[in-house]
Each structure stands twice: as structure tokens, then as C-alpha cells.
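Notes follow once the structure below has been shown.
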Amino acid sequence: MKTEYPNSSDSNQIINSKASQHRLRFQVLPPNKNLPKNDLVPAQPVEEKPVSSTNQSESKHFSYTKWLIFGSLIVTAGAISQISVYPEIKAEAWLESSPDARQVVQMEIPGKIIKILVKPNQYIPKNDKIALVSSEELDEDIQEWNLRLQERVSALESSKNQISTTEAQLNQAQILEESAHFRVEQLQQEIKSIEIGVPTPQNQSRLSQINSLKENIKSFETSINNYEKLARQGVYPSERVNEIKRQKLMIEAGISEIQAQFEATKKQFQDEVKLKQDELNSKQDELKRLITSRQVTEAQMKAALATVNSQIPMIEKLQNEVKTRQNRQFQNKVLRAPMSGTVITPNLYQLVGKTMPKGEQILEIADPTQLVAIIEVRQEDGDLVKPGASVTFNPPEPGLAPFTTKIKEISPVMRRDEQMQKSVLRVIAVIDSSSETLKPNAKMYAKISSPHPVSLYENVRREFLNLFKVRSL
């Protein structure tokens with residue numbers, strides 16, 4: 001026996017008839033002021049019509065079909081929700097220079113920043129001017145070293161003047177010593193000549209005269225003896241003999257006179273020798289004094305030369321110290337970039353007029369071709385991010401194309417974002433092919449492709465929580 005099913009319109013009529021059986025009828029009346037406010041007029045009940053058994057079976061069959069369709073939809077949705085997908089984590093990121101590609105510019109000496117010649121995010125080549133610095137401490141240090149240098153130079157000039165004076169005194173002493181020495185030798189030779197009996201030329205002539213006269217006297221004496229014999233014999237006249245005797249007496253008187261002159265000359269010569277001896281003694285004493293003075297002068301000369309020789313290296317050292325500080329002052333007055341790169345230090349204008357100690361950081365320069373991206377991933381998505389995962393960056397600047405790289409490392413510690421009231425995980429990605437248009441501290445939008453699949457349901461759930469910022473239970 002074939003069972004006929006009602007069509008959809010008949011089913012709707014059956015459902016409506018069942019609902020009308022239990023529905024109360026109310027009568028709508030116009031407002032009447034005479035009636036009390038709490039009095040209600042009930043409507044006349046509608047007579048219920050009995051439902052046939054055929055209608056009841058048709059309604060039960062429709063209910064089964066509805067639940068079957070609903071269950072199929074649930075099963076299909078559950079199956080679809082278990083499909084594996086690779087989720088993508090979206091997050092904000094910013095660029096930083098690689099730690100190995102940074103260099104800090106520090107104060108070489110204590111001083112004051114006069115002027116900053118660069119700006120944040122400005123690219124500067126190596127050895128380009130960065131800032132002008134004034135150092136009062138270095139100026140005072142240079143002044144102190146200059147004073148030391150001037151003292152040494154003055155001492156050197158004094159020593160040189162002393163050398164010149166001492167040298168003149170030494171030359172004079174040597175001349176006087178040589179003159180005194182020559183005179184001493186001369187006097188010694190004269191005295192020695194007297195002592196060995198060498199007469200003076202005048203006395204030598206007198207001695208010759210005396211000897212000649214003595215020879216004449218001997219000749220006269222011989223003649224007198226002979227003539228006296230002859231006179232006694234009467235052969236020779238006695239007057240002639242007497243004449244010869246008178247001549248002899250005259251010669252003897254001449255000899256006596258010459259001898260007296262000789263003795264006088266000899267005595268004069270002896271007096272002269274005594275004077276020479278006294279002069280010799282005086283010259284010898286003078287020579288000793290001159291020798292002592294020369295030795296003292298030579299000692300002063302040696303001391304002055306030693307002082308000069310010792311001052312010259314010290315002066316050269318002080319000059320080098322002053323020159324080194326002046327060069328340092330010149331070099332530190334203009335600070336230059338130690339490398340080519342981008343200035344990544346903000347608020348540089350705050351450094352102008354600031355006095356900074358030695359070694360304090362002024363600014364930091366980074367190589368723009370060696371960058372890393374710092375990505376902040378929500379704590380809820382931390383389990384989906386792994387090292388080596390692919391990440392795509394979209395620069396906010398118009399005209400810059402997206403680029404893809406890999407995650408290098410993940411921070412083992414969560415960072416608390418107090419402003420957003422959430423915990424984030426710092427993820428670092430290395431940018432292999434950096435563009436010159438990318439700069440440190442630039443903001444980027446990152447999309448990380450997780451290498452681990454999750455169910456479609458889990459992915460939708462995460463997106464829902466992320467969209468409405470709902471904390472999962």
C-alpha cells in the first residue's frame with residue numbers, strides 16, 4: 001500500500017490548525033469611559049475542531065525530516081572544522097640594526113656639546129662631522145702643560161746663558177793661565193842661568209877687561225923684575241923702572257875699578273835674581289789660582305752642559321705632550337663618524353649645551369644594510385611561532401614592495417606591554433636583502449606563516465579571540 005505525503009502547503013495548514021486550537025480569541029472594544037480601568041472584557045472562545053489521525057501522522061514525519069537535515073548540517077560543519085590549515089599570525093614589527101652593525105660614539109674627553117651636526121635617521125658617511133665639543137678641562141690641561149714647558153724653556157735658556165758666560169770665563173782663565181805659565185817658565189830659565197854662573201853681557205865684557213889687565217900686570221911685573229935687576233947693575237935707568245911701576249899701579253887701579261864695577265853689577269844681578277825669584281813665586285801662586293779657577297769654571301761648564309742635555313729631552317717630551325693634547329683638542333672639537341650608517345639616537349637636540357663626562361654615549365650609528373625586524377606576537381599565538389618560519393613584511397610606505405624572510409630566534413621571556421595591558425613575545429627575523437629605503441626604527445606589518453597546521457575550528461577560534469580581544473578560558 002502506497003503512502004501519500006502531503007505537500008508543503010498542506011503541511012503548513014496542518015501546523016496552523018494545531019496552533020489555532022490552543023489560541024484564545026479576544027474581542028476588541030472601543031474605549032468606554034464608564035467602565036472601570038481594571039475591568040477586562042473576555043473574548044468569546046472559538047470552538048475547537050477535532051483533528052483527524054491522518055494529520056497527526058503527517059506532522060510527526062515532518063519533524064523527523066527536519067532533525068535529519070539539522071544533524072547532517074552539524075556533522076558536515078564538524079568535518080569541515082577539522083580540516084587542517086596553516087595559520088597566519090599578523091603582528092606589528094619595527095626595524096632595528098643588527099647588534100653587530102652598530103657603533104656608539106662616546107665623549108673622548110669631558111666637555112660640553114656646542115652643536116649637533118646630524119639628525120636622527122640621517123645617513124652619514126664615515127669621517128663625516130657629527131658634533132662640535134668644547135672641553136674646559138682639556139684647555140686647562142693644555143695651559144698647565146704649556147706653563148711646564150715655559151718653565152723648562154726658561155731653565156734651558158738660563159743654562160745656555162750660563163754656558164756662554166762660563167765659556168768666556170774659561171777662555172779668559174785659560175789665557176791667563178797660559179800667560180802665567182809662560183812667565184813662570186821664563187823666570188825659572190833666567191834664574192837657572194844665573195845659578196849656573198852665566199854672567200850678563202856687561203859683566204862678561206868687564207871680566208874680559210879685568211883678565212886683559214891682569215895679563216898686562218903680569219907683563220909689567222916681569223918687565224919690572226928684569227928692569228930692576230938691570231937698574232941695580234946700573235945698566236937700566238931707575239927712573240924707567242919707576243915709570244913702569246907707576247903704570248902697573250895705574251893698571252891695578254883700573255882693575256880694582258873694573259872689579260868694583262863687576263861686583264856692583266853682580267850684586268845688582270843678584271838683586272835682580274831675587275826680584276825674579278819673588279816674581280816667580282808670585283806667578284806660581286797666581287798660576288795655581290788660575291788653574292783652580294779654570295777647574296771650577298770647567299766644572300760649571302760641565303754642569304751647565306749636563307743641565308742643557310737633561311733639559312732638552314724633557315722639553316721635547318713636554319712639547320710632544322702639548323702637541324698631543326692640542327691634536328686631541330682639535331680632533332675632539334669636531335667629532336666624526338667612525339663608520340658609515342644611519343643615526344638611530346632620537347632627541348639629539350637635547351644634547352646641545354650639555355656637559356658630559358668622558359666615555360658617555362652621545363649617539364649611536366647603525367649600518368642600514370644589516371637590519372633585523374623585531375616582531376611582537378601575542379601570547380596566545382606564541383605556540384604557533386617557531387624558528388625558521390616564513391614571515392612576510394609589508395612596509396607602510398607607498399611604493400615599497402613586500403618582502404619575505406625567516407625567523408631567526410624567539411625570546412625566551414615574555415615582555416609586558418603596560419600600555420596595551422597584554423604580554424607579547426619578541427620574535428627576531430633577519431632581513432637578508434635590505435633595501436636602502438629601509439631605515440632603523442621604521443614600523444612594519446608582519447605576517448608569520450606557521451609551519452605547524454591546526455584545525456580550521458582552532459584557527460577560526462583564534463581569529464575570533466584576536467578580533468574581539470576576548471580572553472580564552
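For reference, positions follow the sequence shown, starting with 1.
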Verdict with reasoning, Ile89 to Val377, per side chain to side chain contact (heavy atoms under 4.5 Å, CB included): CA-CA 8 Å; Ile89 300 94; Val377 178; 4.0 Å; yes
Step-by-step salt bridge (charged side-chain N to carboxylate O under 4.0 Å, His left out) determination, Lys302 to Glu298: CA-CA 6 Å; Lys302 290 180 180 179; Glu298 287 178 348; 5.7 Å; no
Criterion side-chain hydrogen bond (donor to acceptor under 3.5 Å, both in side chains) on Thr404 and Thr392, from CA distance to verdict: CA-CA 4 Å; Thr404 302; Thr392 301; 3.2 Å; yes
Worked check of side chain to side chain contact (heavy atoms under 4.5 Å, CB included) between Ile163 and Met301: CA-CA 6 Å; Ile163 288 176; Met301 174 71 76; 3.7 Å; yes
Verdict with reasoning, Arg294 to Leu170, per side chain to side chain contact (heavy atoms under 4.5 Å, CB included): CA-CA 6 Å; Arg294 176 183 57 80; Leu170 180 61; 3.5 Å; yes
Ile407 vs Ile448, side chain to side chain contact (heavy atoms under 4.5 Å, CB included): CA-CA, chis, key distance, verdict: CA-CA 9 Å; Ile407 293 177; Ile448 303 173; 3.8 Å; yes
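If you take CG on Leu95 and CZ on Phe393, they are separated by 7.5 Å, rounding to the nearest 0.5 Å. For the atom pair CG of Leu351 and NZ of Lys115, the computed distance is 15.0 Å after rounding to the nearest 0.5 Å. The distance from the CD1 atom of Ile130 to the CD atom of Gln122 is 10.0 Å, given to the nearest 0.5 Å. Between Gln311 atom CD and Lys160 atom NZ the span is 10.5 Å, to the nearest 0.5 Å. The structure places NZ of Lys386 at 7.0 Å from CD1 of Ile410, a figure rounded to the nearest 0.5 Å. Going from atom CG of Leu275 over to atom OG of Ser282 covers 12.0 Å, rounded to the nearest 0.5 Å.
The side-chain heavy atoms of Ile114 and Val352, taken from C-beta on, include no pair separated by under 4.5 Å. Contact annotation: the side chain of Val334 approaches that of Leu132 to within less than 4.5 Å [non-hydrogen atoms, C-beta and beyond]. Here the side chains of Ile116 and Tyr349 are not in contact, with every heavy-atom distance at 4.5 Å or above. When side chains are defined from C-beta on, Tyr445 does not count as touching Pro395, because their heavy atoms never get closer than 4.5 Å. Counting heavy atoms from C-beta outward, Val105 and Pro338 have side chains that approach closer than 4.5 Å. Annotation: side chain of Glu96 is not in contact with side chain of Ile428 (no heavy-atom distance under 4.5 Å). The closest side-chain heavy-atom distance from Val391 to Lys447 is not below 4.5 Å. Put simply, the side chain of Trp94 does not reach to within 4.5 Å of the side chain of Met444, judged on heavy atoms.
Although no hydrogens or angles enter the test, the distance criterion places a donor-acceptor pair under 3.5 Å between the side chain of Thr405 and the main chain of Val430. Side-chain N or O atoms of Thr297 include one that pairs as donor or acceptor with a backbone N or O of Ser293 at under 3.5 Å. Using a distance-only test at 3.5 Å, with no hydrogens or angles considered, a donor-acceptor pair links the side chain of Thr324 to the main chain of Asn320. Between the Ser310 side chain and the Ala306 main chain, a donor and an acceptor come within less than 3.5 Å of each other. Side chain of Ser158 to main chain of Ser154: no donor-acceptor pair is present (N/O by atom type, distance under 3.5 Å, no hydrogens or angles).
When all heavy atoms are compared, the tightest approach of Ile362 to Leu348 is O-CD2, 4.2 Å. For the pair Arg102 and Met339, the tightest heavy-atom approach, listed with the atom from each and the gap, is C-SD, 4.4 Å. Closest heavy-atom contact between Leu149 and Gln319: CD1-CG, 3.6 Å. Contact detail for Ile291 and Glu177: the closest heavy-atom pair is CG1-OE2, 3.0 Å. When all heavy atoms are compared, the tightest approach of Ala304 to Ser159 is CB-O, 4.1 Å. Among all heavy-atom pairs drawn from Leu287 and Ala180, the shortest one is CD1-CB, 4.1 Å.
Ion pairing between a basic and an acidic side chain is recognised when a charged N comes within 4.0 Å of a carboxylate O; Arg289 and Asp285 show no such pairing. The pair Arg336-Asp128 does not meet the salt-bridge criterion, since no charged nitrogen lies less than 4.0 angstrom from a carboxylate oxygen. Checked for salt-bridge contact, Glu286 and Lys283 meet the test: a charged N lies under 4.0 Å from a carboxylate O. In summary, Arg148 and Glu144 engage in a salt bridge, as defined by a charged side-chain N under 4.0 Å from a carboxylate O. Lys443 and Glu397 are not joined by a salt bridge, as no carboxylate oxygen comes within less than 4.0 angstrom of a charged side-chain nitrogen.
The environment of CD in Gln143 is sparse: at most 12 heavy-atom neighbours from other residues, nucleotides or ligands sit within 6.0 Å. At most 12 heavy atoms of other shown residues, nucleotides or ligands fall within 6.0 angstrom of atom CZ in Phe182.
Just one residue in the list Arg183, His181, Gln188 forms a side chain to side chain donor-acceptor pair (under 3.5 Å) with Glu185, and that residue is His181.
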